[in-house]
Amino acid sequence: MTNPAQHSPVLAIHGGCGAIPRDELTPEQNRAAREALRRALEAGFAVLTAGGPAYDAVTEAVAVMEDDPVFNAGYGAALNRAGIHELDASVMEGTAGRAGAVAGARRIRHPVRAARALLETSDPLLLIAAAADEWAQQAGLETVDNRFFSTPSRREALERMLEREREGTLGAAPERDKHGTVGAAALDVRGHLAAATSTGGYTAKPAGRVGDSPIIGAGTWADDRTCALSGTGKGELFIRRALGHEVHARMLYQGASLAEATDAMIHVEMVALGKSGSGGGAGLCAVDKNGNVALPYNTEGMYRGWINAGGLYVAIHED
């Protein structure tokens, strides 16, 4: 007999709205991205179907993407203008609002695992730079030399961005060089929500720059009363709008549906802010308390997918 209190688990992910344009995407790149999304979904969903908590499911899904150079997180993350990787991540669960985050980490192999470990303490909730690296190492998490995260394609992207800067053509840079993030949102069998986000920021970012990914209420949010979400895009804009919390507030106080609240933020608020010259490219993955999924984006494409008992779906551009 089915437990009436049991929920049907669901997991949604994004691999960044800085997707390669459709006409530039090779069959090999298309296949690699879709396979990576599938692996992440299957890893996270295995946790959920085994009865594990949503915060472990999103951690596992994001850790898979941190391992894959298709995405801008962990191995294959973007380089800052000094040629260094500075990594950000966060995890939040929706039952008690516990959260953990790291920013500007340089040596943590899986930043999302450090954020997950910090969630257990919630004090400190956010650690930065060398302090985050040291805490992770003392906690028994894997640390590596910063050069581990580099790939030839990311070094080429840095050179392209620096050349555009010298030429004064930064505005014409492709979305995939401007930003990129990975994230996940999940509902577990107990009806609890969680979200996780991880990023290398954007190519040629200033040293020490921190975006929305490790900021609870901006790029990551979870509350069992409404939804869990992870964002991708121009982090400064997400912070200025407290985007994650704003979606939650629209649902909780205005009665908006998940689709209404997320569409308003991505297709209206972010676009409006982008007209100021900041660039409003944005997207997110979200799951609400009823298991509904939202994957809105306002760029040409967004690596994305979801999985539930009925099946698995992945996409990059509009199908």
Side-chain angles (χ1 to χ4, degrees), residues 9-17 33-50 52-68 70-74 87-94 98-102 110-116 119 180-189 192-200 212-216 218-224 227-233 238 243-244 247 258 262 283-289 291-297 302-308 312-316:
V10 59
L11 171 70
I13 65 173
H14 70 74
C17 63
R34 290 172 181 271
E35 288 176 354
L37 290 168
R38 182 179 295 272
R39 287 194 301 272
L41 287 167
E42 290 174 343
F45 199 61
V47 174
L48 296 175
T49 55
Y55 53 81
D56 280 344
V58 295
T59 299
E60 291 308 308
V62 167
V64 169
M65 292 187 281
E66 287 179 337
D67 280 335
D68 201 306
V70 166
F71 307 113
N72 175 16
L87 311 175
D88 307 331
S90 63
V91 179
M92 184 178 188
E93 60 86 32
R98 293 181 300 158
V102 294
H110 289 102
V112 72
R113 295 199 187 284
R116 165 67 181 83
L119 177 149
T181 303
V182 304
L187 174 73
D188 64 31
V189 296
H192 300 317
L193 293 160
T197 310
S198 181
T199 190
D212 66 299
S213 295
I215 306 301
I216 300 303
T220 302
W221 183 259
D223 190 309
D224 284 357
C227 69
L229 69 85
S230 168
T232 170
F238 278 61
L243 188 140
V247 169
L258 180 69
T262 57
L284 59 82
C285 66
V287 176
D288 72 12
K289 64 180 182 180
N292 296 306
V293 171
L295 294 161
Y297 59 95
M302 181 175 77
Y303 301 104
R304 64 197 188 278
W306 54 260
I307 185 171
N308 60 21
L312 180 151
Y313 166 84
V314 296
I316 302 173

Side chain to side chain contact (heavy atoms under 4.5 Å, CB included) partner of Thr59, chosen from Val112, Val64, Leu119:
Val112
Hey, could you give me the CE/OG1 distance between Met302 and Thr232, rounded to the nearest 0.5 Å?
7.5 Å
Let me see the working for Val293 and Val10 under side-chain contact (heavy atoms from CB on, under 4.5 Å), right down to the final yes or no.
CA-CA 8 Å; Val293 171; Val10 59; 3.7 Å; yes
Applying side-chain contact (heavy atoms from CB on, under 4.5 Å), run through Trp221 and Val247 and close with a yes or a no.
CA-CA 9 Å; Trp221 183 259; Val247 169; over 6 Å; no
For Leu48, does its backbone N or O pair with a side-chain atom of Asp188 as donor and acceptor, under 3.5 Å?
no
So which heavy atom on Ala196 is nearest to which on Val58, and how close?
CB-CG2, 3.7 Å
Let me confirm one number: the CG-OH distance from Leu37 to Tyr313, rounded to the nearest 0.5 Å.
10.5 Å
At their closest point, which heavy atom of Val287 faces which heavy atom of Ala185, and how far apart are they?
CG2-O, 3.5 Å
Looking at residues at least two apart in the chain, or sitting in another chain, which of them share a side chain to side chain donor-acceptor pair (under 3.5 Å) with Asn308?
none
Run the side chain to side chain donor-acceptor pair (under 3.5 Å) test against Asp288 and tell me which residues pass, sequence neighbours left out.
Asn292
Backbone of Ile316 reached by a side-chain donor or acceptor of Arg304 within 3.5 Å
yes
Could you tell me whether a side-chain N or O of Glu60 sits under 3.5 Å from a main-chain N or O of Val47, the two making a donor and an acceptor?
no
Can you see which heavy atom on Ala186 is nearest to which on Ala54, and at what distance?
O-CB, 3.7 Å
Closest non-hydrogen contact found for Leu11 with Ala184 is CD1-CB, 4.1 Å
Short N-O contact, Asp67 and Arg39, less than 4.0 angstrom:
no
Has the side chain of Ser90 got a donor or acceptor atom that lies under 3.5 Å from a matching backbone atom of Ser213?
yes
Looking only at heavy atoms, what is the nearest atom pair of Ala222 and Ala195, with distance?
CB-N, 4.1 Å
Kindly indicate whether the side chain of Arg116, heavy atoms from C-beta on, has any atom under 4.5 Å from the side chain of Asp56.
yes
Does Thr220 reach the main-chain N or O of Ile216 with its side chain, forming a donor-acceptor pair under 3.5 Å?
no
Beyond-backbone contact of His192 with Pro53, side-chain heavy atoms, under 4.5 angstrom:
no
Between Asp223 and Leu193 the two heavy atoms that sit nearest each other are O-CD1, 3.3 Å
Please lay out, stage by stage, how Tyr297 and His14 fare under the test side-chain contact (heavy atoms from CB on, under 4.5 Å).
CA-CA 10 Å; Tyr297 59 95; His14 70 74; over 6 Å; no
Using side-chain heavy atoms (C-beta onward) and a distance below 4.5 Å, is Val70 in contact with Glu35?
no
Arg34: what forms a salt bridge (charged side-chain N to carboxylate O under 4.0 Å, His left out) with it, not counting sequence neighbours?
none
Do the non-hydrogen side-chain atoms of Leu284 and Pro296 ever get within less than 4.5 Å of each other?
yes
Spatial distance of atom CG (Asp212) from atom OG1 (Thr197) [nearest 0.5 Å]
7.5 Å
side-chain contact (heavy atoms from CB on, under 4.5 Å) assessment of Asn72 paired with Thr199:
CA-CA 6 Å; Asn72 175 16; Thr199 190; 4.1 Å; yes
